[in-house]
Amino acid sequence: KALFLQALGADNQDRVYDDIVFISETINSNADLKNVLKNPAVMLSDKKEIIKKLFSLHVNKLSLDFILLLVDAYRLDCLNETVNCYQRENNKKNNILTPVIISAVSLENEEKERIITRLESKTNKAILPEYSVDPDIIGGLIIEIGDKTIDCSLQTKFENMKKHLTKGNGYGKN
């Protein structure tokens, strides 16, 4: 949050986000680099020098300073979570929701557009969904937005129907 607030104050939040994603992806995609940066036998000054040489020409000063701060605090392992938190803060500021939409089968583009349009009208926010397929839900959808879940799956409807039909008659107890 501190990084986001600093970037926001400098009206640079999108650039800083792009930078930390770039740095994170670069480190995660290079096993040798990742191992050197995680190795406690490598001196902090050497790690910082490596990061400066790799990124100083490609990223904003605020982004580079933040990564160096993580190295100094032995917290570079928190970089991926930092990227996720930064993205959540940026989405909050820009009035964007990122729901996970789970369906039994892959959705067609028209279905996706209808769902997005409906969610946007209900929430008054822009929607950037992530889609997932889970055949176990049989049909319908499950929409997860933050800590809220909208479960319209056939699996849940069948389970609720079973509970209702077996309630109070002694049947259905396993």
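The figures that follow rest on heavy atoms only: side chains count, while hydrogens, waters and symmetry mates do not.
- Leu3 is listed as a side-chain neighbour of Ile20, based on a closest heavy-atom distance under 4.5 Å.
- Under a 4.0 Å N-O distance rule, the pair Glu81/Arg88 qualifies as a salt bridge.
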- Task: For the pair Tyr86 and Lys1, evaluate side chain to side chain contact (heavy atoms under 4.5 Å, CB included) and give the outcome as yes or no after the intermediate values.
- Result: CA-CA 7 Å; Tyr86 192 100; Lys1 284 186 174 182; over 6 Å; no
- Lys34/Asn28 under side chain to side chain contact (heavy atoms under 4.5 Å, CB included): CA gap, chis, key distance, verdict: CA-CA 6 Å; Lys34 192 173 188 176; Asn28 289 328; 3.6 Å; yes
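- Sorted by first and then second residue, the pairs that involve residues 20-40 and meet ring pair (Phe, Tyr, Trp, His ring centres under 6.0 Å), not counting sequence neighbours, are Phe22-Phe55.
- At a threshold of 4.5 Å between non-hydrogen side-chain atoms, the residues Lys38 and Leu76 do not count as touching.
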- Hey, mind stepping through Lys93 and Phe4 against side chain to side chain contact (heavy atoms under 4.5 Å, CB included) and telling me if it holds? CA-CA 10 Å; Lys93 183 213 173 278; Phe4 179 76; 3.9 Å; yes
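- If you chain together hydrophobic residues whose side chains sit under 4.5 Å apart, Val16 and Ile96 never meet in one group.
- Shown here are the side-chain hydrogen bond (donor to acceptor under 3.5 Å, both in side chains) partners of Lys157, two or more places apart in sequence or in another chain: there are none.
- Once rounded to the nearest 0.5 Å, the distance linking CD1 of Ile23 with CD1 of Ile67 reads 4.5 Å.
- Formation of a donor-acceptor pair under 3.5 Å by the Asp19 side chain with backbone atoms of Asn60 is found in this model.
- With hydrophobic clusters built from ILVMFWY side chains whose heavy atoms lie under 4.5 angstrom apart, Leu64 shares a cluster with Tyr74.
- Heavy atoms of other residues, nucleotides or ligands lying less than 6.0 angstrom from CD of Glu144 number more than 12.
- In this structure, Leu68 and Ile51 have side chains that are in contact, with non-hydrogen atoms separated by less than 4.5 Å.
- Between Lys92 and Glu89 there is a salt bridge, since at least one side-chain N of the basic residue sits less than 4.0 Å from a carboxylate O of the acidic one.
- Summarising the geometry, atom CG belonging to Leu79 is positioned 10.0 Å from atom CG belonging to Leu37; distances are rounded to the nearest 0.5 Å.
- Scanning for side-chain contact (heavy atoms from CB on, under 4.5 Å) contacts around Gln87 gives Tyr17, Asn91, with sequence neighbours left out.
- Judged purely by atom type and a 3.5 angstrom limit, Ser29 uses its side chain to pair as donor or acceptor with the backbone of Thr26.
- One hydrophobic cluster, built from ILVMFWY side chains closer than 4.5 Å, holds both Leu154 and Met161.
- Taking OG of Ser45 as the reference point, atom CG of Asp72 lies at 10.0 Å (rounded to 0.5 Å).
- Smallest separation of non-hydrogen atoms from Val71 and Lys48: CG1-CG, 3.7 Å.
- Under the salt bridge (charged side-chain N to carboxylate O under 4.0 Å, His left out) criterion, Asp14 pairs with no residue at all, not counting sequence neighbours.
- Side chain of Asn95 to main chain of Asn124: a donor-acceptor pair is present (N/O by atom type, distance under 3.5 Å, no hydrogens or angles).
- One distance of note links CD of Glu49 with CG of Leu44; it measures 13.0 Å at 0.5 Å rounding.
- In this structure, Ile116 belongs to a hydrophobic cluster whose other members, linked by side-chain heavy atoms under 4.5 Å apart, are Leu97, Ile101, Leu107, Ile115, Leu119, Ile127, Tyr131, Leu141, Ile143, Ile145, Ile150.
- Heavy atoms only, all atoms of each residue included: Gly139 and Ala104 are closest at N-CB, 3.8 Å.
- Side-chain atoms of Lys125 and Glu120, non-hydrogen and from C-beta on, never get closer than 4.5 Å to each other.
- A donor and an acceptor atom, one from each side chain of Asp151 and Ser153, are located under 3.5 Å apart.
- To the nearest 0.5 Å, the span separating CD on Gln155 from CG on Asn160 amounts to 10.5 Å.
- In the displayed structure, Asp11 atom CG is contacted under 6.0 Å by at most 12 heavy atoms of other residues, nucleotides or ligands.
- The backbone N or O of Val59 sits nowhere less than 3.5 Å from a side-chain atom of Ser63 that would complete a donor-acceptor pair.
- Side chain of Thr117 to main chain of Glu113: a donor-acceptor pair is present (N/O by atom type, distance under 3.5 Å, no hydrogens or angles).
- One finds the CG atom of Leu70 at 11.0 Å from the CG atom of Asp65 (value rounded to the nearest 0.5 Å).
- In the hydrophobic clustering, where aliphatic and aromatic side chains (Ile, Leu, Val, Met, Phe, Trp, Tyr) are joined below 4.5 Å either directly or transitively, Val100 groups with Ile102, Ile137, Ile142.
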